[in-house]
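Chain naming here is simple, since letters A, B, ... match the order of the sequence lines and numbering starts at 1 in each. Keep in mind the model is a prediction, meaning the values are calculated, not measured.
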Number of protein chains: 2
Amino acid sequence: MPAADQPQAPPERRPYIRDTEENRREALIEAMQDLVAEGGPQAATVRAIAARAGVTPGLIRHYFGSKDELVRASYTALMDGMTDHGAAALAQAGEDPAERLAVFVASSLRPPVLDPRAAGLWAGYLHRVQGDPALLSQHETSYLRYRDRLQDLIEALSRDRTPGQSRREAIACNAVIDGLWLEGSVLGERFAPGELVRIGLRSVGAIIGVDLMQYGTAVPELGPEGKAP
Amino acid sequence: MPAADQPQAPPERRPYIRDTEENRREALIEAMQDLVAEGGPQAATVRAIAARAGVTPGLIRHYFGSKDELVRASYTALMDGMTDHGAAALAQAGEDPAERLAVFVASSLRPPVLDPRAAGLWAGYLHRVQGDPALLSQHETSYLRYRDRLQDLIEALSRDRTPGQSRREAIACNAVIDGLWLEGSVLGERFAPGELVRIGLRSVGAIIGVDLMQYGTAVPELGPEGKAP
DNA sequence: GCGGGAATTATGCAACCGTATAATCCAACT
DNA sequence: AGTTGGATTATACGGTTGCATAATTCCCGC
């Protein structure tokens with residue numbers, strides 16, 4: 001073989017493309033979330049993240065300082081996204097307190113909140129949440145915000161109750177929703193499409209002593225069979 | 001400085017210690033679980049696992065063939081341990097169906113089942129569960145076994161119900177327990193010691209329409225107020 | 001038009017990962 | 001007592017990781 005001396009095209013430098021800071025941060029966060037959701041934390045390497053975001057790894061350091069910082073930002077984005085979605089669903093609900101509660105519960109038990117990707121992503125971050133005080137307080141804030149909203153909706157039902165009761169009920173309702181969300185996300189195909197929403201409404205209703213099933217039709221696409229596209 | 005020519009003790013080989021296959025497998029699995037629980041999946045490297053188990057990394061390959069195989073065995077051990085614990089608690093319960101259900105529920109919501117370590121461990125495996133068909137079927141089996149036991153306990157209450165009702169109730173009760181277990185494990189210090197057990201009993205009772213709170217004293221260490229240090 | 005400087009890319013590095021393979025040890029069998 | 005073979009340890013290797021630094025590119029105020 002002759003020596004490696006052929007013209008050998010220069011390794012063609014990646015084109016320089018400039019973009020706004022916001023776009024770059026979003027792209028990196030989304031890329032990281034995709035990778036963690038698909039292949040677990042181990043798949044989210046700086047090179048893979050940068051490749052999916054369409055940039056070179058150096059930008060992670062440039063915009064976030066370190067990979068750990070990107071992880072924190074990514075977790076915050078995940079939590080905010082989920083709570084925001086619940087609030088949005090609530091915004092376009094009626095006046096009836098029971099109906100509002102039903103809509104809120106149902107929105108947490110169907111896509112895009114109920115999603116294998118989200119569950120895997122959440123689990124992928126959990127150990128960091130436990131170890132990092134900043135992330136732990138972040139989790140606590142998000143959790144309490146969700147639970148407090150739930151408690152407000154419950155208290156709006158204006159039934160007679162003791163002070164501690166609504167707290168216990170909110171904790172319990174939050175737990176049912178979390179549990180259904182989790183198992184539904186992991187074993188999604190084991191449940192019929194609208195089944196988890198119905199079970200959630202029935203259980204929450206049983207815990208607080210109000211019938212929420214009558215609002216089952218108020219939640220979209222849950223008519224006779226509920227086969228979403 | 002003189003040349004590096006001092007007697008320089010030979011790098012002292014690790015003493016050869018022989019042990020049974022069972023002990024070695026257990027030690028490796030336990031070491032892996034400790035590491036995943038403490039520092040997430042990324043902390044469980046073959047070298048760290050072997051070091052904690054008091055052996056050299058080669059033994060992992062010798063006994064499990066590969067690290068992935070050790071992960072599978074470790075996950076199986078975790079799941080079996082949790083379900084076994086529930087069964088054990090049930091074994092030393094009375095005859096009253098409601099009491100048996102109460103004991104079963106309560107045992108899942110207090111240590112050692114309710115444990116930050118277990119939750120972190122479980123989360124650390126989740127993404128592998130979603131990706132690995134063998135682990136997914138393993139998870140499904142464990143989940144259904146637990147849920148079916150719950151359903152049996154519910155049906156033993158001999159109330160009148162429709163066929164699908166007990167399934168829905170079992171799914172719902174399982175979800176409450178899972179949700180309480182999860183949040184209690186992550187935010188353990190946010191809840192009073194016996195609080196989660198009480199909420200669990202009250203919620204499960206509400207869902208199936210039976211009062212389980214009267215058995216609150218049947219579960220250990222839950223007397224008048226239950227304020228632990 | 002033309003420097004200055006931030007944004008982006010490219011390169012290099014030390015550490016670590018999982019695994020394959022070789023070397024060593026010791027108990028049990030003959 | 002000698003030998004054989006599984007259990008255990010040690011070493012080596014290719015690949016990957018996160019990060020630091022150097023080299024480019026091009027927008028923007030002058």
Can you find a side chain N or O atom of B/Y63 that sits less than 4.0 Å from OP1 or OP2 on D/dT8?
yes

Take the protein atom [atom1] of [X] and the nucleotide atom [atom2] of [N], then report the distance between them rounded to whole Å.
{"X": "B/K67", "N": "C/dC17", "atom1": "NZ", "atom2": "P", "result": "9 Å"}
{"X": "B/L59", "N": "C/dT19", "atom1": "CG", "atom2": "C1'", "result": "14 Å"}
{"X": "A/M32", "N": "D/dG18", "atom1": "CE", "atom2": "C1'", "result": "12 Å"}
{"X": "A/R47", "N": "C/dC16", "atom1": "CZ", "atom2": "C1'", "result": "13 Å"}
{"X": "B/L70", "N": "C/dG18", "atom1": "CG", "atom2": "P", "result": "11 Å"}
{"X": "B/I49", "N": "C/dT19", "atom1": "CD1", "atom2": "P", "result": "10 Å"}
{"X": "B/E69", "N": "C/dT19", "atom1": "CD", "atom2": "P", "result": "11 Å"}
{"X": "B/L35", "N": "C/dG18", "atom1": "CG", "atom2": "P", "result": "11 Å"}

Going by side chain to side chain donor-acceptor pair (under 3.5 Å), B/Y75 matches just one of B/H139, B/R128, B/Q138. Which one?
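With B/Y75 as partner, side chain to side chain donor-acceptor pair (under 3.5 Å) holds for just one option, B/H139.
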
Within-4.5 Å side-chain heavy-atom neighbours: B/F191 and A/I171
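Yes, their side chains come closer than 4.5 Å.
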
Within the structure provided, determine whether A/T141 and A/Y146 are in side-chain contact (heavy-atom separation under 4.5 Å).
no

Working to the nearest 0.5 angstrom, can you tell me the gap between A/I29 CD1 and A/D34 CG?
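Going from the CD1 atom of A/I29 to the CG atom of A/D34 covers 12.0 Å.
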
Quick check: closest heavy atoms across B/H127 and A/P41, and the distance to 0.1 Å?
ND1-CD, 3.9 Å

How would you label the contact of [X] with the nucleic acid (heavy atoms, under 4.0 Å): base, sugar-phosphate, or nothing?
{"X": "A/R24", "result": "sugar-phosphate"}
{"X": "B/I60", "result": "nothing"}
{"X": "A/T45", "result": "sugar-phosphate"}

Of the nucleotides D/dC13, C/dT9, C/dA7, which one has an atom closest to the side chain of A/H62?
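Among D/dC13, C/dT9, C/dA7, the one nearest the side chain of A/H62 is C/dA7.
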
Of the listed nucleotides C/dT9, D/dG18, D/dA12, the one nearest the side chain of A/R14
C/dT9

Take B/G58 and B/Q42, find for each the nucleotide of DNA chain C with the closest heavy atom, and name the residue whose nucleotide sits nearer the 5' end.
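Its nearest nucleotide lies further toward 5', so the answer is B/Q42.
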
When you check the gap from the basic side-chain N to the acidic O, do B/E155 and B/R167 get nearer than 4.0 Å?
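No.
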
Footprint string (nucleotides 24-30 of chain C, 5' to 3'): B base within contact, S backbone only, - free, heavy atoms under 4.0 Å:
SBS----

Only residue of A/R25, A/R18, A/R24 satisfying salt bridge (Lys or Arg N to Asp or Glu O under 4.0 Å) with A/E21 is A/R25

